[in-house]
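Following this message is one structure expressed as C-alpha cells.
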Number of protein chains: 2
Amino acid sequence: MLKILADYLQKQASLTDDEIEMVRACTVTKKLRKRQYLLQEGDVCHYNCFVASGCMRFYRVGEDGSEHIMTFGVVNWWVSDQESYNNGTPSKNNIDALAESELLLIEKKDWENLVNTIPRFRDWRDRLKARSFDAAQNRIMSHISDTSEEKYLKFLNSYPDIFNCVPLHMVASYLGVSRETLSRIRNHYAKS
Amino acid sequence: MLKILADYLQKQASLTDDEIEMVRACTVTKKLRKRQYLLQEGDVCHYNCFVASGCMRFYRVGEDGSEHIMTFGVVNWWVSDQESYNNGTPSKNNIDALAESELLLIEKKDWENLVNTIPRFRDWRDRLKARSFDAAQNRIMSHISDTSEEKYLKFLNSYPDIFNCVPLHMVASYLGVSRETLSRIRNHYAKS
DNA sequence: AAAAAACCGTGACTTTTATCACAGTCAAGA
DNA sequence: TCTTGACTGTGATAAAAGTCACGGTTTTTT
C-alpha cells in the first residue's frame, strides 16, 4: 500500500528514494469501511490524506439535511478540508468512504516539516495547489456558463471511470441537479 | 498610488520598510481607461496586478459571444490569470477595466524573486492563495446548493459596495443568471 | 432466505428561469 | 442640442429543472 504512495511521489514530485523514505516515515495508514467517516462536521482537519485504494467523498449537509458533494477522492488523490486544516477551525464539511478504502495520513506538523526540508516536495505541493485552484475556477466557470448537460460531460472528463464507486444520485449532487434531471440528461445523451 | 500598496503590504504581510522598498522597486504602474484590456484572450499572463484604484473584471467569452464574469477586482485586490501565469499558456480569459483604474504590476520573475527572498512575502502569498481557494470552494458549494436569491445575498456579502463600478447585468453574469432574473430577485427582495 | 434498504428510471405536475419584446431613464458623443 | 447607446425594469411566453409519486431492480442486512 505504501508502494502506491512511493510510486506517486517518485513520478509526480520526482523525489529521491531517501526523500520518499522521509515521507514514508511519517505516514499513518488508515482503513475505512464503506460509510465510515474520515472527517465529520465540527472536527478540525489535522491531516492530508492520500487515497491508496477505494473512493472518498467530500460533502456538506444543508440546513434541511440535504447532502451536497463538493468533490470525490479516488485513487492517487489527496483529500482534506483545507479551510479547516489551514485555519484550525471546525470543519463545515464531512468526508467519508464510499467503499472500503485505504488511506495514508500525514499529520500537519510532519507535512509542514516535509515542505520546509524537501524543496521538491514543496514545489510539488505548490503545483498541486495551483492545479486544484485552476480546477475550481474552471468548475465555477462551468456553473455560470454551461448547461447541465455540458456540466455532466465535463464531469465525465474529470472523473472518467468513477461509476464503479459512485451512485448516480451522488453525481447529481456533485453537479448541483436533481437525480431525476441527471437521469434524463443521461437518457437524452444516450439517444443522440 | 504606491502608498496604497505599501500600506497594504505593511498591514497584510507585515513587511518591514526595507522589504516594502524591495517590492516597490519592481512595480510598474499602469493606468487603464474604462474598457481597456489588461489581458486579452490568447495572451500569456506575465504579471500579478494590484488594483490601486478603479475596478476590474475577469471574464470569459463563450462560443456564442456571451460574456461570463469569473470575478471582479476592486481596490486592494490582486488580479491575474493564474492558470496562464503558472503554466505559461495562452489565456482563455480577458481582464479589462470597468472604470478608469490604476494598477501596479509585478512581473513574474520579480515576483518569484520576492517570494524566494522575503519569507514574510512568501507566507502572505501562501495565505492569499489559500483564501482564494477557500473562496472558490465556497462559491462552488453555493452554486450546487443555494437558490439564486441566496447566491445574490452571498454576493452582496463578498462585494458589499461594488455597485458604484459594476452594472447589474454584470452582477447577473457573475451569478450565472440572466439580467432579467436578477432584476426580479432584487425586486422581490426589496419588497420582503 | 427473507426483509429491508438503496438505487434508478419515468410520468405528471409545479416552480423556476430563460428568452423575447418593449419602454423608459440616463449619460456620452456628434 | 440632438442622437445614440448603455442600462434597467417588466410583461408574456417558452424552456428547463425541481418535486412528487410509483414501480422495478439490485444490494445489503438480518
Side-chain angles (χ1 to χ4, degrees), chain A residues 32-36 54-55 57 59 61-69 72 96-101 142-156 162-192, chain B residues 32-36 54-55 57 59 61-69 72 96-100 142-153 155-156 162-192:
Chain A
L32 292 179
R33 301 184 172 176
K34 192 169 177 175
R35 306 232 177 147
Q36 191 178 341
C55 185
R57 99 223 241 231
Y59 66 101
V61 178
E63 296 176 3
D64 57 352
S66 56
E67 297 176 348
H68 303 284
I69 299 178
F72 299 104
D96 66 8
L98 296 180
E100 200 102 346
S101 302
S142 178
H143 270 283
I144 65 177
S145 60
D146 289 344
T147 65
S148 291
E149 182 163 337
E150 288 167 332
K151 279 183 272 185
Y152 172 65
L153 295 176
K154 288 187 179 172
F155 170 80
L156 286 185
I162 199 167
F163 295 102
N164 312 320
C165 295
V166 178
L168 290 171
H169 72 268
M170 291 192 186
V171 175
S173 171
Y174 175 94
L175 295 175
V177 300
S178 68
R179 60 176 199 82
E180 292 93 337
T181 297
L182 176 60
S183 174
R184 280 155 193 149
I185 289 171
R186 284 163 50 83
N187 206 298
H188 177 260
Y189 179 63
K191 286 176 187 165
S192 63
Chain B
L32 293 180
R33 300 184 173 176
K34 193 170 176 173
R35 305 225 178 154
Q36 191 177 343
C55 184
R57 98 224 241 233
Y59 65 102
V61 178
E63 296 175 3
D64 57 351
S66 56
E67 297 177 348
H68 303 284
I69 299 178
F72 298 104
D96 66 8
L98 296 180
E100 200 104 344
S142 177
H143 270 283
I144 64 177
S145 59
D146 289 344
T147 65
S148 291
E149 183 163 337
E150 288 168 331
K151 279 183 274 187
Y152 172 66
L153 295 177
F155 170 79
L156 287 185
I162 199 166
F163 295 102
N164 312 320
C165 294
V166 177
L168 289 171
H169 72 269
M170 291 193 188
V171 176
S173 171
Y174 175 93
L175 295 175
V177 300
S178 68
R179 60 176 199 80
E180 293 93 338
T181 297
L182 176 60
S183 173
R184 281 156 192 147
I185 288 171
R186 283 163 52 82
N187 205 297
H188 176 261
Y189 180 63
K191 285 175 188 165
S192 61

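By convention in this document, chain letters (A, B, ...) are assigned in the order of the sequence lines, proteins followed by strands, and residues within each chain are numbered from 1.
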Under 30°, 30 to 60°, or over 60°: which ring-plane class applies to A/Phe163 and A/Phe155, parallel, tilted or perpendicular?
perpendicular
Residue set satisfying side-chain hydrogen bond (donor to acceptor under 3.5 Å, both in side chains) with B/Thr181, at least two apart, ordered chain then number -> B/Ser178
For nucleotides 16-30 of chain C, read 5' to 3', which letter fits each nucleotide if B means a protein heavy atom sits under 4.0 Å from the base, S means only the sugar-phosphate is that close, and - means neither?
-SSBBB---------
For C/dA6 and A/His169 - does any side-chain N or O of the residue sit under 4.0 Å from the phosphate oxygens OP1/OP2?
no
How many Å lie between CG on A/Leu175 and P on D/dA16, as a whole number?
17 Å
For B/Val177 and B/Ser148, work out which heavy atoms get closest and say how close.
CG1-OG, 3.5 Å
Helix axis bend for the helix from C/dA1-D/dT30 to C/dA30-D/dT1 - C1'-based end axes, five pairs, 10° rounding
40°
Looking at every non-hydrogen atom in both residues, tell me the closest pair between A/Asp146 and A/Glu150 and how far apart they are.
CA-OE1, 3.2 Å
Just to verify, what does A/Asp64 make a side-chain hydrogen bond (donor to acceptor under 3.5 Å, both in side chains) with, not counting sequence neighbours?
A/Ser66
From C-beta outward on B/Asn187, which listed nucleotide comes closest to its side chain: C/dC7, D/dG9, C/dG9?
D/dG9
Please identify each residue that fulfils side-chain hydrogen bond (donor to acceptor under 3.5 Å, both in side chains) with A/Ser145, with sequence neighbours left out.
none
Partners of B/Arg57 by side-chain hydrogen bond (donor to acceptor under 3.5 Å, both in side chains), sequence neighbours excluded?
B/Glu67, B/Asp96
